[in-house]
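In what follows, every heavy atom counts, from backbone to side chain, and hydrogens, waters and symmetry copies are set aside. The first residue of the sequence shown is numbered 1, and numbering continues consecutively from there.
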Amino acid sequence: MSRHSNLLSAIFHDPISGNIHWRDVESLLHHLGASVETGHGARFRVVLNNVEGFLHHPHHGGVFSKPEVKHIRDYLAQAGVTPALYEAQKSPHP
């Protein structure tokens with residue numbers, strides 16, 4: 001599995017992980033084709049699959065809290081990105 005697949009699995013895994021890093025999420029968002037723009041302070045505007053969302057850069061060491069990971073999970077699902085859909089899109093179709 002690729003690094004991005006592993007990260008998506010970690011984001012959508014229950015119980016929610018407390019070890020998701022900003023730089024990894026930012027890399028995943030860019031890989032998925034998202035627009036990530038710096039906003040005010042630690043706020044970032046993200047547009048993925050025409051769905052707008054706002055993420056906050058974590059304050060302590062670049063690691064998201066569990067509620068922040070839940071927020072990222074909800075945003076990705078709203079934008080149509082889940083581990084199963086990601087795997088289906090990247091695997092070759094017969």
Side-chain angles (χ1 to χ4, degrees):
M1 273 171 73
S2 76
R3 175 174 75 127
H4 295 117
S5 294
N6 289 337
L7 179 58
L8 265 177
S9 294
I11 290 170
F12 280 85
H13 187 267
D14 282 317
I16 294 174
S17 173
N19 193 29
I20 306 286
H21 294 263
W22 166 255
R23 67 182 177 274
D24 296 331
V25 170
E26 187 177 26
S27 174
L28 173 66
L29 290 169
H30 286 293
H31 172 75
L32 295 170
S35 162
V36 180
E37 300 171 7
T38 307
H40 298 291
R43 188 174 168 167
F44 288 80
R45 177 179 176 263
V46 180
V47 179
L48 175 61
N49 298 335
N50 296 316
V51 177
E52 180 182 60
F54 293 91
L55 301 178
H56 294 284
H57 188 283
H59 298 289
H60 305 289
V63 177
F64 286 103
S65 68
K66 291 180 181 186
E68 290 168 327
V69 173
K70 173 85 168 75
H71 177 74
I72 294 165
R73 177 194 300 187
D74 293 344
Y75 171 72
L76 289 172
Q78 187 179 13
V81 177
T82 64
L85 290 172
Y86 177 78
E87 290 301 320
Q89 287 178 346
K90 75 174 206 172
S91 65
H93 299 289

For K70, the salt bridge (charged side-chain N to carboxylate O under 4.0 Å, His left out) test, sequence neighbours excluded, returns D74

Note: V63 and E68 closest approach over all heavy atoms is O-OE1, 4.4 Å

Nearest heavy-atom approach of A10 to S17 is O-CB, 4.2 Å

Residue set satisfying side chain to side chain contact (heavy atoms under 4.5 Å, CB included) with D14, at least two apart, ordered chain then number -> I16, R73

Contacts of F44 meeting ring pair (Phe, Tyr, Trp, His ring centres under 6.0 Å) (sequence neighbours excluded), chain-then-number -> W22

Between V69 and F64 the two heavy atoms that sit nearest each other are CG2-CB, 3.7 Å

Across all chains, not counting sequence neighbours, the side-chain hydrogen bond (donor to acceptor under 3.5 Å, both in side chains) partners of H56 are none

Sequence neighbours excluded, the answer for side chain to side chain contact (heavy atoms under 4.5 Å, CB included) partners of E52 is R45, V47, F54

Closest non-hydrogen atoms of L48 and A79, given as atom of the first, atom of the second and distance, are O-CB, 3.6 Å

Residues passing the side-chain hydrogen bond (donor to acceptor under 3.5 Å, both in side chains) test with S27, sequence neighbours excluded, are R3, H4

query = Is atom NE2 of H13 surrounded by more than 12 heavy atoms (other residues, nucleotides or ligands) closer than 6.0 Å?
reply = no

Interatomic distance, CG@L29 vs CG@D24, rounded to 0.5 Å, equals 11.0 Å

Evaluation steps, side-chain contact (heavy atoms from CB on, under 4.5 Å), between L28 and V81: CA-CA 11 Å; L28 173 66; V81 177; over 6 Å; no

When every non-hydrogen atom of S5 is compared with those of Y86, the smallest separation belongs to OG-CE2, 3.1 Å

From the list L85, T82, L76, side chain to side chain contact (heavy atoms under 4.5 Å, CB included) with L8 holds only for L76

Those residues at least two apart in sequence (or on a different chain) that pass side-chain hydrogen bond (donor to acceptor under 3.5 Å, both in side chains) with N19 are H21

The side chain to side chain contact (heavy atoms under 4.5 Å, CB included) partners of A42 (sequence neighbours excluded) come to H57, H59

L7 and V25 have their tightest heavy-atom pair at CD2-N, 3.8 Å

Across all chains, not counting sequence neighbours, the side chain to side chain contact (heavy atoms under 4.5 Å, CB included) partners of H30 are E26, V36

